[in-house]
Each structure stands twice: as C-alpha cells, then as structure tokens.
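Chain A is the first sequence line, chain B the second, and so forth, proteins listed ahead of strands; every chain is numbered from 1.
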Amino acid sequence: MFEQLLNWYTRERRDLPWRRGVDAYGVLVSEIMLQQTRVEVVIPYYQRFMQRFPRVEQLAEASLDEVYEYWAGLGYYRRARNLQAAAQAVVALGGFPTTLEGLRDLPGVGEYTAAAVFSIAFGKPAVALDGNAIRVLSRFFALTGTLTAPRRRDLIARVLPLIPEQQAGDFTQALMELGARLCVPRGARCLVCPLASGCQALAGGLVDSVPAPAPRARREKVDLLALRIRRGDQVLLERREDDPFLAGQWVTPWFADGEGVLDRYVSEFPGTPVRVGQVSHGVTFRDLRIEVWDWETSALDCGPERRWAGPGARLPRLASLVLGL
DNA sequence: CATGCGTGGGA
DNA sequence: TTCCCAAGCAT
C-alpha cells in the first residue's frame, strides 16, 4: 500500500548528514536535535556536534558545560543534558538497547524517538508518530476528531503490519518527509502526492480539516504586569509597569518578605481597578528566580483561563540582560 | 492530561 | 508587528 511512498522517498529524499550511513548514536543525536526543531536549523549543529563528539563514548566522557557549548542556540537545553545522560547510559550498558522498551528508557527518549531510532538505526518495524506522520496518516485514513492516546495506539497497530520488510527505516523517514514537503498543514500538494490514490481525506474533501487542529490554550495579553527577581524568598528587584511613579524602573520592593507584596500594593492603592493575579511565567537562572506577574483588570471581561502572553518567550533573554549573564 | 521548555522563520 | 509553530519530552 505504501510502495508508492517509498518510491517517492527514494527519488526525492533530501541529502541530510544523518542519512549518510550513520550508526545508532548518530541517529539518536539527530533525532534529539530534531525534536521541535527544523531540519535546516539542525544541520550545522549536527555537523559540529558530531565532529566534536564522533562516538558515544566521547559524548559520555565530555563535561556537561562543553556539551552545552555545542548546543548553544538550539534551544530546549534539557535535551542536551538528557542526550549526554543517554550516552552515558549506553556506555554503561555496553551498547545501544536493541528493544523498543530499552530505547524508550533512555533519558530524553520518548515514544516517538524510540520508534525512530529502532526503525532507522536497526531497520526494525516501528511506527514513529511525530507531527508529520500524524498528519499524513490522519489524512490517509481520514481520522477526524481528536487523536487521543488510545486512538494513537490503534493507529500504530494499524500501520505496523503495513511497513515493508527490510525498509522500516525508509518508511519512517518517508512518512515524515512527505509530511514536511507535500502533506503540509496548509496547502497540501495532493496533485503530486504519491499517496493520493489511496488517501481517504482527499477522496472525502477533508484534507484541509484533518487532522483536527489541536485545541490551543487561549492566551491574551494584559496591559499590566510586574517583574520580580528573587533569590529564594528574598525579593531583590521588582519592576512594575502599573505604578504611576515607578513605571519602567527597577526598584527594590517596599516589602522584602517575598510574600504579599502585590496584595499589599493593591491595598495601598484602593482605587486601582485591578486585582492581583498570579505568577504567569517564570525562569530560573542559577539561584535567581525571575517571575512575571499579571493582573486581571476588572474593567475587562476575562475568564479564569486568561493568561499573560507577552514576551514570555523572550524572558530568558530579558533576564540575561538584566542580570548581566 | 495540561503545561513549560528556546529559537528562528514565515504568513 | 504579531502570531504560529517545527522530526517531543518530562512532570
């Protein structure tokens, strides 16, 4: 059923560094780096990383600081720590686990990555469900509605027996490559898709509505915020955009007990049409904790799900700026 | 099961 | 400018 897919993949596959006959270690490194990260971004990082740590033993023996150096800029730094821990586990085991469960037990390796390594590195059949594969398969089988955990298991069981013998690795990568290049979220190129003839979503006109978009947590901006930096329970600095006199300045707080500061503030300014919200975002640098507080303005009709969604993603950069790190 | 974790590119 | 989100995982 998926022969056309494999033919397409053989013909169209991109020449990527981790597709040049690398071992299980190379596959693992690439898969970890590729988690939530685009191929084009990963390529140079992968090459530098593999040049410095060509073998699993070298990664296992390296200092964590150096591993971080080579990871710097990639984001999701927990991956770097877990990857080295996984390398150490592999060395301790005397080699890579050869079962799906064994791979799954490595730190940083979840259902997807275990299946990917299992199939790509060892050529054994496994269904690696990443975002691409889920989209491709959901459309192919016209799976409407939310893909819950049990439905995912059903999907895996359904696809597993369809994996061509001796081509498990290619199958895994072909599914993802198709999702990345043709069966894209919007504007799928069905006219040139190798799976078009068997695609149930295409037949039913469901390509644009399947898979169901994940219910995204609704986030709204609020126009009042405070930023607080503390070490343990001690509040070091605070910045309050709502304060008529201190707006935009970094100040030491009135109350250094670390508790009740914002409640006390509101009681100091009883006319202020705000009520205290809660910490909406936080980041930790060594022993320093930076918190973003938000308010819910009483003037606006906002439900309890309302969340601050300002520059939260940029908080680490802001923090390093403020702290001189 | 919902949430947080980084970054850069495109709509 | 703003928002979305891309080869997920751990908690």
Task: Upstream residue (5' side of DNA chain C) when A:Ala180 and A:Val109 are each assigned their closest nucleotide - done: A:Ala180

TODO: Just compare B:dG6, C:dC5, C:dC9 and give me whichever is closest to any side-chain atom of A:Arg79.
DONE: B:dG6

Task: Quiz item: cation-pi between A:Arg48 and A:Tyr45, 6.0 Å / 45° - done: yes

Task: Whole-Å P distance, B:dT3 and C:dA7 - done: 22 Å

TODO: Please report, rounded to the nearest Å, how far the P atom of B:dG9 is from the CG atom of A:Leu74.
DONE: 13 Å

Task: Residue A:Arg14, side-chain heavy atoms: nucleotide from C:dC9, C:dA10, C:dA7 that is nearest - done: C:dA7

Task: A:Asn82 CG to B:dC5 C1', straight-line distance once rounded to whole Å - done: 12 Å

TODO: Find the distance A:Tyr9:OH to C:dA7:C1' and express it as a whole number of Å.
DONE: 12 Å

Open item on the list: Base, sugar-phosphate or nothing for A:Gln173? Non-hydrogen atoms, less than 4.0 Å.
Closed with: nothing

Open item on the list: Suppose you measure atom P in B:dG4 against the same atom in C:dC4; what distance do you get, rounded to whole Å?
Closed with: 15 Å

Task: Strand contacts (DNA chain C) in residues 16-31 of chain A, 4.0 angstrom heavy-atom criterion - done: A:Leu16, A:Trp18, A:Arg19, A:Glu31

Open item on the list: Using a 4.0 Å heavy-atom cut-off, does A:Gly73 contact any base of the nucleic acid, only the sugar-phosphate backbone, or nothing at all?
Closed with: sugar-phosphate

Task: A:Thr113 side-chain N/O to C:dA7 phosphate OP1/OP2 under 4.0 Å - done: no

Open item on the list: Can you tell me how far apart CG (A:Leu178) and OH (A:Tyr9) are? Round to the nearest 0.5 Å.
Closed with: 12.0 Å

Task: Touch class at under 4.0 angstrom, heavy-atom based, for A:Val42 against every strand present - done: nothing

Open item on the list: Without decimals, in angstroms, what is the distance between A:Gln36 CD and C:dC9 P?
Closed with: 9 Å

- [ ] Answer yes if the ring centres of A:Trp18 and A:Tyr46 are under 6.0 angstrom apart, and no otherwise.
- [x] yes

TODO: Round to a whole Å and report the spacing from CZ of A:Arg78 to C1' of B:dG4.
DONE: 8 Å

Open item on the list: Measure CD/A:Glu40 against P/B:dT7 and give the value in whole Å, please.
Closed with: 18 Å

Open item on the list: Tell me if the centroids of the rings in A:Phe2 and A:Phe171 come within less than 6.0 Å of each other.
Closed with: yes

TODO: May I ask you to establish whether A:Arg158 and A:Phe141 are in a cation-pi arrangement, using a distance under 6.0 Å from NZ or CZ to the six-membered ring centre and at most 45° from the ring axis?
DONE: yes

TODO: When you get a sec, tell me which of C:dC9, B:dG6, B:dC1 is the closest nucleotide to the side chain of A:Ala149?
DONE: B:dC1

Open item on the list: The side chain of A:Pro185 is closest to which nucleotide in this list: C:dG8, C:dA7, C:dA6?
Closed with: C:dA6

- [ ] Count the heavy atoms belonging to other residues, nucleotides or ligands that lie under 6.0 Å from CD of A:Gln166, then report whether that count exceeds 12.
- [x] no

Open item on the list: Nearest 0.5 angstrom please: A:Glu111 CD to A:Arg104 CZ, how far?
Closed with: 5.0 Å

Open item on the list: I want to confirm an ordering. Mapping A:Val39 and A:Arg104 to their closest nucleotides on DNA chain C, which one lands closer to the 5' end?
Closed with: A:Val39

TODO: Figure out the CZ/P separation between A:Arg38 and C:dC4, and round it to whole Å.
DONE: 14 Å

Open item on the list: Between A:Tyr76 and C:dA6, is there a contact of a side-chain N or O with OP1 or OP2 at under 4.0 Å?
Closed with: no

Open item on the list: Nearest heavy atom decides the nucleotide; on that basis, is A:Arg186 or A:Pro150 closer to the 5' end of DNA chain B?
Closed with: A:Pro150

Task: salt bridge (charged side-chain N to carboxylate O under 4.0 Å, His left out), paired with A:Glu177, selected from A:Arg13, A:Arg11, A:Arg14 - done: A:Arg14

Open item on the list: Nearest whole Å is fine: how far is C:dG8 P from A:Leu83 CG?
Closed with: 16 Å

